[in-house]
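Have a look at the structure below, then the notes.
Side chains are part of it too, since the values below use all heavy atoms of this structure and drop only hydrogens, waters and symmetry mates.
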Amino acid sequence: FEFLRAEDVASAVAAVAEHPDAVYLAGGTNLVDRMKLGVATPNLVVDISHLPLDQIVELPDGTVRIGAMVRNSDLAANLLIRQRYPVLSQALLAGASGQLRNLATTAGNLLQRTRCVYFQDVSMPCNKRDPGSGCSAREGYTRYHAILGASAGCVAVHPSDMAVAMAALDASVVVTGRTGERSIRLTDLHRLPGDAPHRDTVLTHGELITAVDLPPLAFSEHSAYRKVRDRASYAFALISVAAALDLNERRDAAGGPIIREVRIVFGGVAHKPWRATAAENLLRGSAASVENFREAADVELAQAETLKDNAFKVTMVRNTVALLLADLTRRQVGEVGGDLAGQEQKP
């Protein structure tokens, strides 16, 4: 392959847009692995690692803009992020290892491809890698695969922890292409597989993420991330939940807190971060109780379709949602109704 070090955003976009098989290289923690495996075979690699996109700044309206080249370790450690958006810092620290976080970038994390073992094995049919060849995962080992939004063509899940947290924060990505700049809601960036699982995002070829914007969400400091995995470190999520909770000052008939606003996003269950809008709608205006948390999760999970090895994910998501929202409730008011009150249980 040819190698080109871009001097600025415009020249990087032009170079990739003109070559159908060109790719951007930032931290390389995912791309280089795929190239070694033969999964990615670009004819041109455009290095953008030296572009001045590595700053975290607060805009006049309170929006926090994160440059595309900000390293995951720097983002997780940033004081503004830790104080205002703890769910994001927690998600980043739950992902990968310290060495990888020192290299991985914000945009690269969002655009990493699935870690489905069949996608990474070029000897196996995979619609995501080779459209029309079939999905080996459906009849294979499915412990890590999707329970929401999958299709006959693909059951892979998106691997990012950071993207799940950003979706809960109503983030947007700033993108530059040949025709100029546009902003995309993060929840709209990634696609469900449908009949085109090889397309992970709505980006057109050559478009470059230059920043991620986090809006001044009034209750973002009341947020947290919980990841359930097979081992304590350096493992992708079986499932994860990012949530932010805002409680009303008024109380219900029993004296318990009322939910004013809530954000819930699931990871490890779909081809993209799964915004649990049905669960959110049910919880707004409801009492902050474990029973209501579980009921809301069940409403969202009613559309789940499990495979032979991953039915446990439904129960795991339900319990993790209840545990996380109960914990956020206790942090704000010191009380929560239900059988998890004052307890610390595993999902």
Notebook entry, point to check: Hey, mind stepping through Asp188 and Arg275 against salt bridge (Lys or Arg N to Asp or Glu O under 4.0 Å) and telling me if it holds?
Noted result: CA-CA 10 Å; Asp188 296 329; Arg275 179 75 177 265; over 6 Å; no
Notebook entry, point to check: Are Leu88 and Met162 close enough, and set up right, to give a side-chain contact (heavy atoms from CB on, under 4.5 Å), and what steps lead you there?
Noted result: CA-CA 6 Å; Leu88 178 53; Met162 185 191 78; 3.6 Å; yes
Next item on the list: In sequence, state the C-alpha distance, the side-chain angles, and the governing distance for Leu217 and Arg263, and then conclude on side-chain contact (heavy atoms from CB on, under 4.5 Å).
Entry: CA-CA 11 Å; Leu217 194 65; Arg263 299 286 188 276; 3.8 Å; yes
Item checked: Worked verdict on Leu238 versus Phe312 for side-chain contact (heavy atoms from CB on, under 4.5 Å) -> CA-CA 10 Å; Leu238 290 169; Phe312 70 91; 4.1 Å; yes
Check: Are Phe293 and Ile259 close enough, and set up right, to give a side-chain contact (heavy atoms from CB on, under 4.5 Å), and what steps lead you there?
Finding: CA-CA 11 Å; Phe293 299 153; Ile259 298 169; 3.8 Å; yes
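When hydrophobic clusters are built by joining Ile, Leu, Val, Met, Phe, Trp and Tyr residues whose side-chain heavy atoms come closer than 4.5 Å, directly or via intermediates, Leu189 is grouped together with Leu214. The cluster map of Ile, Leu, Val, Met, Phe, Trp and Tyr, joined by side-chain heavy atoms under 4.5 Å apart, puts Leu31 and Val16 in different clusters. Val87 and Leu324 fall into different hydrophobic clusters, where Ile, Leu, Val, Met, Phe, Trp and Tyr are joined by side-chain heavy atoms under 4.5 Å apart, directly or via other members. Leu51 and Leu25 fall into different hydrophobic clusters, where Ile, Leu, Val, Met, Phe, Trp and Tyr are joined by side-chain heavy atoms under 4.5 Å apart, directly or via other members. Under the 4.5 Å side-chain heavy-atom criterion for Ile, Leu, Val, Met, Phe, Trp and Tyr, Leu111 and Val45 are members of distinct hydrophobic clusters.
Of the possible polar contacts, one joining the Glu280 side chain to the Ile264 backbone as a donor-acceptor pair under 3.5 Å is found. Of the possible donor and acceptor atoms, one in the side chain of Arg260 sits under 3.5 Å from a partner among the backbone N and O of Leu247. Not one N or O on the side chain of Lys272 forms a donor-acceptor pair closer than 3.5 Å with the backbone of Leu192. With Glu300 contributing its side chain and Ala297 its backbone, the two residues share no donor-acceptor pair below 3.5 Å. Side chain of Arg113 to backbone of Pro159: no donor-acceptor contact under 3.5 angstrom is found. When atom types are taken as modelled, the side chain of His158 and the backbone of Leu110 share a donor-acceptor pair closer than 3.5 angstrom. The closest donor-acceptor contact from the side chain of Gln90 to the backbone of Ala224 lies at 3.5 Å or more, if one exists at all. Side-chain atoms of Arg101 come within 3.5 Å of backbone N or O of Gly95 as a donor-acceptor pair. Checking side-chain atoms of Gln332 against main-chain N and O of Leu245 turns up a donor-acceptor pair under 3.5 Å. In this structure, the side chain of Thr306 does not engage the main chain of Ile147 through any donor-acceptor pair within 3.5 Å.
Interatomic distance, Lys128 NZ to Arg199 CZ, rounded to the nearest 0.5 Å: 11.0 Å. Note: Asn30 CG to Thr105 OG1 = 10.5 Å, rounded to the nearest 0.5 Å. Summarising the geometry, atom NE2 belonging to His271 is positioned 5.0 Å from atom CG belonging to Asp200; distances are rounded to the nearest 0.5 Å. Remark: Glu2 CD to His19 NE2 distance equals 6.0 Å, nearest 0.5 Å. Atom CZ of residue Arg138 and atom NZ of residue Lys308 lie 12.0 Å apart, to the nearest 0.5 angstrom. Atom OG of Ser160 sits about 7.0 Å away from atom NE2 of His190, to the nearest 0.5 Å.
Here Arg143 does not pair with Asp309 in a salt bridge; the nearest charged N to carboxylate O distance is not below 4.0 Å. Between Asp54 and Arg71, no side-chain nitrogen of the basic residue sits less than 4.0 Å from a carboxylate oxygen of the acidic one, so the salt-bridge criterion is not met.
Closest of all the heavy-atom pairs between Leu44 and Phe1 is N-CB, 4.4 Å. Of all heavy-atom pairs between Asp161 and Ala237, the closest is OD1-CB, 4.5 Å. Heavy atoms only, all atoms of each residue included: Cys154 and Cys135 are closest at CA-SG, 4.1 Å. Scanning both residues, Ser220 and Pro86, for their nearest heavy atoms gives O-CD, 3.5 Å. Scanning both residues, Ala137 and His145, for their nearest heavy atoms gives CB-NE2, 3.6 Å. The two atoms that bring Val13 and Thr176 nearest to each other are CG2-O, 3.7 Å, heavy atoms only.
With contacts defined as side-chain heavy-atom distances shorter than 4.5 Å, the pair Asn127/Tyr118 does not qualify. Residues Val175 and Thr201 form no side-chain contact, since every pair of their non-hydrogen atoms from C-beta on lies 4.5 Å or further apart. Arg294 places none of its side-chain heavy atoms less than 4.5 Å from the side chain of Val321. Here the side chains of Leu301 and Phe266 are in contact, with some heavy-atom distance below 4.5 Å. In this structure, the side chains of Val202 and Arg191 come closer than 4.5 Å at one or more pairs of heavy atoms. With contacts defined as side-chain heavy-atom distances shorter than 4.5 Å, the pair Arg34/Phe119 qualifies. In this structure the side chain of Val164 never reaches within 4.5 angstrom of the side chain of Lys227, judged on heavy atoms. Between Val9 and Leu53, some side-chain heavy-atom pair lies under the 4.5 Å cut-off.
The other members of the hydrophobic cluster of Leu59, by chain and number, are Val57 (side-chain heavy atoms under 4.5 Å, ILVMFWY only). Within the hydrophobic cluster formed by Ile, Leu, Val, Met, Phe, Trp and Tyr side chains joined at under 4.5 Å, directly or through other members, Tyr234 is accompanied by Leu100.
Side-chain N/O atoms of Asp213 and Ser172 include no donor and acceptor closer than 3.5 Å. Residues Thr142 and Asn310 have side chains that never bring a donor and an acceptor to within less than 3.5 angstrom of each other. Judged purely by distance below 3.5 Å, without hydrogens or angles, the side chains of Asp230 and Tyr144 pair a donor atom with an acceptor atom.
The environment of CD in Glu249 is sparse: at most 12 heavy-atom neighbours from other residues, nucleotides or ligands sit within 6.0 Å. Heavy atoms of other residues, nucleotides or ligands lying less than 6.0 angstrom from CG of Asp195 number 12 at most. Within a 6.0 Å radius of CD in Glu181, more than 12 heavy atoms belonging to other residues, nucleotides or ligands are found.
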